[in-house]
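Worksheet: one structure, shown below.
The first residue in the sequence is number 1, and the count goes up from there.
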Amino acid sequence: MATDQTPAIEAATDGPRLVPAHSLRRRIQLERLTYGAATLGITIAPTQPDWTAAHLTAGGIAVGAFCWLWKKLDRRDDDTTGHTLGFLQATQRALPWLTGASVYLTDLLHPGTTWWEYLAPAAWGITMAGTTPITHSLNLKAILPTPTTETPTPDTTPAQQTPPALPAPRTYEEYRAWEWVTARTTGNTLLTNVTPYQDNAPDFWGIVVAPQGEAVPDLNPTTLAAVFDLPAGTVTLQPMDGSGPGRKVLIARPTLDTAAQAEQDPIHRIWNEKITHPRGAAPGMLLTDYRIEDNRIALRTTAPDGHLIQLNQKMLARAFDIADATLLMVETDGLGEGLISIYKTHPLMNVREATIEDLTMQPDGTIALGQRPDGRTGRVPLYDPQMGAITDLYVGAPGAGKSVTLLHVIAGERISGIVSIAADAQDGMSLPEVDGRVYHFGKGIAATAATLAAANDLSKYREQVSAQNGWGSFDIGNPWPLVNVTLDELNRILSADAVVPRPFRKWVTGLVGDTQSTGRKLGLGIRFAAQSIHLADLGDKDRIRANAKNGTVWLGRTNSSTTQSMARDGVLPPGVQIEPIPRYFNTSDGSSIDAAFHGLEAPKGPITAGMANIINGGSLFLNRTWYAHKENKTYPGLITLMESAPIPRLTPDEDRVFQESYARWLDHAEALLAGECDDDTPETGQQASNTQVVLDDEDDQPSAGSIKDRILDLLTDGPMALKDVRRHLSDVAAGSVNNAMAELRDAGHVTAISRGTYQLTD
């Protein structure tokens with residue numbers, strides 16, 4: 001009768017059980033040897049009155065066999081089906097135990113020694129060995145090998161010999177069993193209980209049985225399909241409930257699975273066909289749930305047990321046949337969970353303007369800086385209530401939206417009552433809206449350095465007061481306000497191509513490291529903004545990287561992958577990847593390759609200004625800053641937001657310290673820039689000597705980060721030998737170049753392709 005699904009499978013009890021002939025012979029020989037040994041024991045033991053243990057064992061065997069057989073008799077009485085084979089088999093299996101124990105006890109209880117006491121055990125042993133009742137009770141049937149007319153040559157291997165064969169198949173079920181037993185890859189196993197799923201279809205299931213003491217071999221899907229000449233992947237072997245490895249369920253569904261797949265929803269079908277299979281875009285990754293929205297398909301994925309989540313944006317975009325990879329976005333927790341979002345049109349092409357509520361700091365210290373692709377607001381911290389003041393890094397090429405983003409952050413600080421100390425090394429051109437609307441705004445390279453030095457002196461003042469009062473932490477407004485220092489266009493001072501004297505660069509680098517290390521517990525945060533900068537230029541210390549992890553890394557569009565890798569180095573957890581941000585949104589149906597093939601210009605969409613990958617606390621998300629309308633070369637909407645609240649200011653004592661310090665260090669910065677003095681500055685004011693932090697002991701060497709930048713720039717043209725790199729950097733000591741190259745290699749930025757030759761890591 002045809003069935004629609006695999007029924008519950010139990011061991012068959014009706015009909016003979018087929019086993020290879022050699023296996024049946026081994027069973028009979030083993031049983032006969034057992035009877036021989038038992039005959040010897042039955043003959044000797046009853047004549048020894050002192051062998052109490054043997055006598056008790058014989059009695060126990062007799063009682064146990066009788067009780068076991070009695071239970072079988074009870075089951076027979078309760079059986080209403082009329083089947084008696086089970087009781088007959090039980091009688092056969094109990095016969096040797098009952099008769100042997102009876103002979104033993106008879107000899108034991110009979111006084112004296114007569115001739116029949118030796119004859120009875122021998123007769124019992126001969127009878128049992130001749131009939132082998134236990135083996136016969138198993139209802140086994142031997143499968144004999146097919147007779148051959150040729151004698152195999154001596155070098156014939158087992159794999160070349162003719163396998164055992166069933167009688168000529170007469171039904172579909174017998175034919176499938178015959179295919180299995182005649183296949184070379186199935187060994188000595190048998191396919192039994194073959195049951196079709198439905199009439200006139202090749203789908204069936206059966207039980208694969210291995211010889212006693214052996215396991216059913218694990219065959220791959222291709223081998224299983226080859227046995228029955230079915231499509232690969234349509235035949236499987238599965239463990240059998242209640243059985244060991246000697247029995248498994250074989251399921252062949254070449255047509256039912258195809259029909260089920262056709263009825264399957266397209267999301268799962270595409271995932272199974274293109275993503276999760278061994279050669280797919282994300283091998284082994286599991287699709288646990290999905291949502292379909294108006295402009296988005298969200299796929300929730302998980303990695304198999306014991307594996308990490310692995311989702312490659314470009315490979316997934318290729319698998320889903322998406323021409324614009326930016327329309328597919330990946331978010332993972334770095335462990336086992338991931339989210340894939342596929343958009344019809346880019347969700348961040350149009351974002352609204354910010355409101356006062358967006359830029360008001362919440363109890364967790366965050367403001368809403370923009371919008372994420374899934375519609376959620378992108379929140380960044382201005383302060384961490386648990387850790388204290390934070391360190392931020394904002395990196396973006398010209399036109400990436402870095403300045404507009406900083407203006408939103410500074411507006412949020414003013415609205416939230418945070419004192420903003422800002423400086424712009426580009427003479428104030430990057431942040432003109434800030435001028436006159438924050439507590440302090442320094443314009444120019446010298447003013448930026450002086451602003452940083454004055455902020456450092458402010459932290460020293462707070463540190464001195466805190467030590468006098470026994471304070472170990474910072475509380476906003478008790479007694480001081482929170483202060484955040486924003487330094488824009490810092491690449492004009494610290495980057496490799498900055499045109500500033502080395503003593504000036506060393507002085508600023510020392511101030512950067514000192515301010516970060518002391519400001520966290522004193523309510524003084526620091527925010528660096530640049531077009532291109534290396535974290536090493538911000539101090540090249542482990543604690544600097546640790547501080548950056550507590551704050552925000554805003555990574556907008558950059559002009560090179562090198563800058564991008566520098567900014568995230570040491571901040572993003574291993575295994576979490578970010579994709580570069582293009583300059584324009586893609587609004588065309590085709591790709592730039594299509595346009596190039598036809599000799600046409602690919603249309604450009606709106607610019608992606610304000611889009612950035614934001615890294616905070618090891619997590620990563622894509623965000624676009626709120627829209628800002630530009631009018632007369634400024635942003636009136638942002639000015640209105642700033643002027644919606646009064647300018648937060650320092651306390652009177654702090655104001656005096658900062659203003660006096662700024663005036664003093666501005667003169668010093670201008671003198672350093674003019675080459676009128678070196679960096680050995682005398683103590684001319686409050687805690688002046690504390691600002692003289694020098695991180696590089698060799699005065700004639702660039703900073704470690706600058707050396708690495710220059711090496712990476714050289715390698716952008718292709719692989720280069722280390723000796724040639726040293727020749728191009730003739731102003732740098734050879735040992736410093738070697739150390740910088742080793743650090744770049746350890747960080748994964750460069751790869752050694754041969755002895756002494758390096759190239760950029762892809």
Verify the neighbour count for atom CG of Asn295: are there more than 12 heavy atoms of other residues, nucleotides or ligands below 6.0 Å?
yes

Can you tell me if CZ on Arg296 sees more than 12 non-hydrogen neighbours from other groups inside 6.0 Å?
yes

Between [X] (side chain) and [Y] (backbone), is there a donor-acceptor pair under 3.5 Å?
X: Ser430; Y: Gln426; result: no
X: Gln362; Y: Ile367; result: no
X: Arg414; Y: Ala645; result: yes
X: Thr377; Y: Gln371; result: no
X: Arg557; Y: Ala612; result: no
X: Asp333; Y: Glu337; result: yes
X: Thr515; Y: Val512; result: no
X: Tyr394; Y: Gln531; result: no
X: Ser420; Y: Val438; result: no
X: Asp424; Y: Lys443; result: no

Non-hydrogen side-chain atoms of [X] and [Y] separated by less than 4.5 Å:
X: Leu555; Y: Ile614; value: no
X: Ile309; Y: Leu335; value: no
X: Phe320; Y: Leu328; value: yes
X: Asn616; Y: Val553; value: no
X: His408; Y: Ile410; value: no
X: Lys460; Y: Asp514; value: yes
X: Trp554; Y: Thr405; value: yes
X: Leu458; Y: Ser661; value: no

Go through the steps to decide whether Val330 and Leu339 satisfy the test side chain to side chain contact (heavy atoms under 4.5 Å, CB included), and finish with yes or no.
CA-CA 6 Å; Val330 173; Leu339 180 67; over 6 Å; no

Can Glu331 and Arg372 be said to form a salt bridge (charged side-chain N to carboxylate O under 4.0 Å, His left out), step by step?
CA-CA 12 Å; Glu331 183 177 351; Arg372 298 171 64 169; 3.4 Å; yes

Could you grab the distance from atom [atom1] of [X] to atom [atom2] of [Y], nearest 0.5 Å is fine?
X: Leu522; Y: Tyr461; atom1: CG; atom2: OH; answer: 12.0 Å
X: Thr302; Y: Asp305; atom1: OG1; atom2: CG; answer: 8.0 Å
X: His749; Y: Ile711; atom1: NE2; atom2: CD1; answer: 11.5 Å
X: Phe441; Y: Thr486; atom1: CZ; atom2: OG1; answer: 10.0 Å
X: Tyr383; Y: Asn484; atom1: OH; atom2: CG; answer: 10.5 Å
X: Asp289; Y: Thr301; atom1: CG; atom2: OG1; answer: 11.0 Å

State, to 0.1 Å, how close [X] and [Y] come at their nearest heavy-atom pair, and which atoms those are.
X: Gly370; Y: Asn623; value: C-OD1, 3.4 Å
X: Leu431; Y: Ser403; value: CD2-O, 3.8 Å
X: Met642; Y: Ala411; value: CG-CB, 3.8 Å
X: Val409; Y: Leu382; value: CG1-CD2, 3.7 Å
X: His629; Y: Glu353; value: N-OE1, 4.3 Å
X: Ala368; Y: Leu359; value: O-CD2, 3.7 Å

Stepwise side chain to side chain contact (heavy atoms under 4.5 Å, CB included) check, Met329 with Leu622
CA-CA 9 Å; Met329 303 176 190; Leu622 186 66; 3.8 Å; yes

Asn350, Val351, Val404 screened by side chain to side chain contact (heavy atoms under 4.5 Å, CB included) with Tyr627, the one that passes:
Val351

Pick out which of Asp457, Val508, Ile493 makes a side chain to side chain contact (heavy atoms under 4.5 Å, CB included) with Leu452.
Val508

Mind running salt bridge (charged side-chain N to carboxylate O under 4.0 Å, His left out) on Lys521 and Glu463 for me, showing each step along the way?
CA-CA 9 Å; Lys521 291 185 178 182; Glu463 184 177 31; over 6 Å; no

Any ion pair linking [Y] and [X] (charged N to carboxylate O, less than 4.0 Å)?
X: Arg527; Y: Glu413; value: yes
X: Asp358; Y: Arg352; value: yes
X: Lys344; Y: Glu293; value: no

Side chain to side chain contact (heavy atoms under 4.5 Å, CB included) for Arg291 and Ile297? Distances and angles first, verdict last.
CA-CA 6 Å; Arg291 292 177 56 191; Ile297 299 177; over 6 Å; no

Verdict with supporting geometry, Trp480 and Val419, side chain to side chain contact (heavy atoms under 4.5 Å, CB included):
CA-CA 10 Å; Trp480 305 305; Val419 177; over 6 Å; no

Strictly by modelled atom types, are Thr751 and Thr761 linked by a side-chain donor-acceptor pair under 3.5 Å?
yes

Using a 6.0 Å distance limit plus a 45 degree cone around the ring axis, check whether Arg649 lies over the aromatic ring of Tyr439.
no

Hey, what's the ring geometry for Trp507 with Trp665, parallel, tilted or perpendicular (30° and 60° as the breaks)?
tilted

By ring pair (Phe, Tyr, Trp, His ring centres under 6.0 Å), which residues pair with Tyr662, not counting sequence neighbours?
His440

